[in-house]
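Predicted model, so just to flag it, every value in this text is computed and none were measured.
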Amino acid sequence: MMDDIKRRLVTCVIVILYMALISISYVQYVYPAYGYMGFPVGKNIDFPFLIISAIFLSIVSFLVLPSDIFKPTDLLITITFWLIILPSVSLIPVISTSDIYRKILTVLIFSLVLIIMKSISMIKISMKFGMSEKYFAPIFYTFFVINMCLIIYYYRVNIDSFLSMTSIKDLYNIRMTFRGDNNETPKLVEYLFFASSKVFIPFLFIKGLENKSKTILILAFSCQMYLFLVTGSKSIFLGLFLVYVLWLFFHKYKKITSLSFSLLIFSVIFVSYSLFLIGYDQVINVIGRRAIIIPGMLTNVYLDFFSEHNFGFLGYSIFSKIVHYTYNTDPAFVIGKNVFERPEMSANVNYIGSSFADFGYWGVIVFTFLATLLYKFFDACFYNTKDKVMILSLLILPTWVLVDGSLITAMTTHGLLWIFFIFMFYPKGEESDK
């Protein structure tokens, strides 16, 4: 008990330092380097607000963060706290144009949803489901083969584009070509494509690791590389590597301590900023900016814009038939056009920012509640099977999507809904309460 309290106190200190470094990094590097692209002005820091909010959220972290990342809801809470809420609040005193009352309200709402998520994660539920391995395996492999045949038929690799590359930046040209070609692809195949990169192929890869099957591993890796060659997406290229690292860690230790994760995330921003100070800005540009700072910046952009303009009410999506939608495009392109003055830009934001764009603060509360309920179902699956390492390892990529995508997008396009079905029918084992 005492050791857990000490770890939580250390985490509190890390929260404060982490938030300070995010704010300083934006002012000293991100805005000077990317202000010309329409990034919000960030020349000064409101230090009193930053200090008070950092201390307040450090107290919240002491109360709500899990001691260990052991089950799916632990993973969701941890990712939401460190990669969405803290970066977002860190940049409120730097770029937010809201008045002080709305800034305070934002911090309080973010804290409230963390408490709600923690409360749901503590509820004990027990479910019995699953099918026999002799049925599950042939059904999955048959589906996987049909799925990959459809992808290969509709998506072709342009080898010339890769052979003509002169730098890593040329991948963006391949991605733009893919986006243009993707508009002519059947929606179902498009969904299967992205779900394959986040769920089906990683699932096959994990089964190869568990069964120590080189054939399955080579097959999974080859399929993932095919998707990478089609899209030029670095996230697809690095996806299996992330799954492999997490699988190794969980396979050996069964869990990740919250303190270890906080030290890892803090070290990313600390090393990035330190290297920037000595003239090496590649790390802060590729990792610190993209993975930590930009999600926080975009949350503030969405909060400021949709506080002054009409909410979307999902009129561009599932409610398109029943609500009047004010805009011509979805919120990501609305922000790209009206804030960054780039109509072709899709400024995707995390699931908290997108829920605010649709329903305001009530949307933030409701959608984090729904996300936690979904992960609570994954908790039940986690306790319902012996393959706990598989469940946690498979969830990492779709969960990461929530850092720069809505809950609905993560479910329909990036595989969370497919994971729901895989876990529901996955062969059950002895239930565990550990």
Checklist line | Minimum side-chain heavy-atom gap Lys71-Tyr375 below 4.5 Å | finding: no
Next item on the list: Using the side-chain contact (heavy atoms from CB on, under 4.5 Å) rule, take Met117 and Ile120 through it: C-alpha gap first, then chi angles, then the decisive distance, then the call.
Entry: CA-CA 5 Å; Met117 295 171 78; Ile120 295 174; 6.0 Å; no
Check: Mind checking whether Phe249 and Tyr253 have parallel, tilted or perpendicular rings, split at 30° and 60°?
Finding: tilted
Item checked: Residues which pass ring pair (Phe, Tyr, Trp, His ring centres under 6.0 Å) with Tyr29, listed by chain and number, not counting sequence neighbours -> Phe276
All N/O donor-acceptor pairs, side-chain side in residues 78-90, below 3.5 Å, sequence neighbours left out:
| unit_1 | atom_1 | unit_2 | atom_2 | d |
| --- | --- | --- | --- | --- |
| Thr78 | OG1 | Asp74 | O | 2.7 |
| Thr80 | OG1 | Leu76 | O | 2.8 |
| Thr80 | OG1 | Tyr351 | OH | 2.8 |
| Ser88 | OG | Ile84 | O | 2.5 |
| Ser88 | OG | Thr299 | OG1 | 3.1 |
| Ser90 | OG | Leu86 | O | 2.6 |

Notebook entry, point to check: Can you list the residues that meet the side chain to side chain contact (heavy atoms under 4.5 Å, CB included) rule with Leu392, with sequence neighbours excluded?
Noted result: Pro72, Phe250, Phe382
Between side-chain atoms of residues 135-150 and protein atoms elsewhere (two or more places apart, or another chain), which donor-acceptor pairs fall under 3.5 Å?
| unit_1 | atom_1 | unit_2 | atom_2 | d |
| --- | --- | --- | --- | --- |
| Thr142 | OG1 | Pro138 | O | 2.7 |
| Asn147 | ND2 | Ser196 | OG | 2.7 |

Next item on the list: Please list all pairs passing the side chain to side chain donor-acceptor pair (under 3.5 Å) test where one or both residues lie in residues 270-282, with sequence neighbours left out.
Entry: Gln28-Tyr273
Next item on the list: Using side chain to side chain contact (heavy atoms under 4.5 Å, CB included) as the criterion, list what pairs up with Leu105, not counting sequence neighbours.
Entry: Ile109, Tyr361
Notebook entry, point to check: Hey, what's the ring geometry for Phe39 with Tyr34, parallel, tilted or perpendicular (30° and 60° as the breaks)?
Noted result: parallel
Item checked: Distance-only side-chain donor-acceptor flag, Thr257 / Asp68, under 3.5 Å -> no
Item checked: Inter-residue atom distance Asn348.CG - Ser346.OG, 0.5 Å rounding -> 3.5 Å
Margin query: Asp330: which residues meet the side chain to side chain donor-acceptor pair (under 3.5 Å) condition with it, sequence neighbours left out?
Written below: none
Determine all donor-acceptor pairs shorter than 3.5 Å in which one atom belongs to a side chain in residues 419-427; sequence neighbours excluded.
| unit_1 | atom_1 | unit_2 | atom_2 | d |
| --- | --- | --- | --- | --- |
| Tyr426 | OH | Lys207 | NZ | 2.7 |
| Tyr426 | OH | Asp387 | OD2 | 2.4 |

Next item on the list: Look at the aromatic rings of Phe359 and Phe313 and report parallel, tilted or perpendicular, splitting at 30° and 60°.
Entry: perpendicular
Next item on the list: List in chain and number order the residues that pass side chain to side chain donor-acceptor pair (under 3.5 Å) with Tyr191, two or more places apart in sequence or in another chain; answer none if no residue qualifies.
Entry: none
Next item on the list: Hey, could you give me each pair passing salt bridge (charged side-chain N to carboxylate O under 4.0 Å, His left out) that has a residue in residues 312-324? Not counting sequence neighbours.
Entry: none
Check: Taking only residues two or more places apart in sequence or in another chain, which ones pass side chain to side chain contact (heavy atoms under 4.5 Å, CB included) with Val64?
Finding: Val60, Leu114, Ile115, Lys118
Check: Which residues pass the side chain to side chain donor-acceptor pair (under 3.5 Å) test with Ser197, sequence neighbours left out?
Finding: none
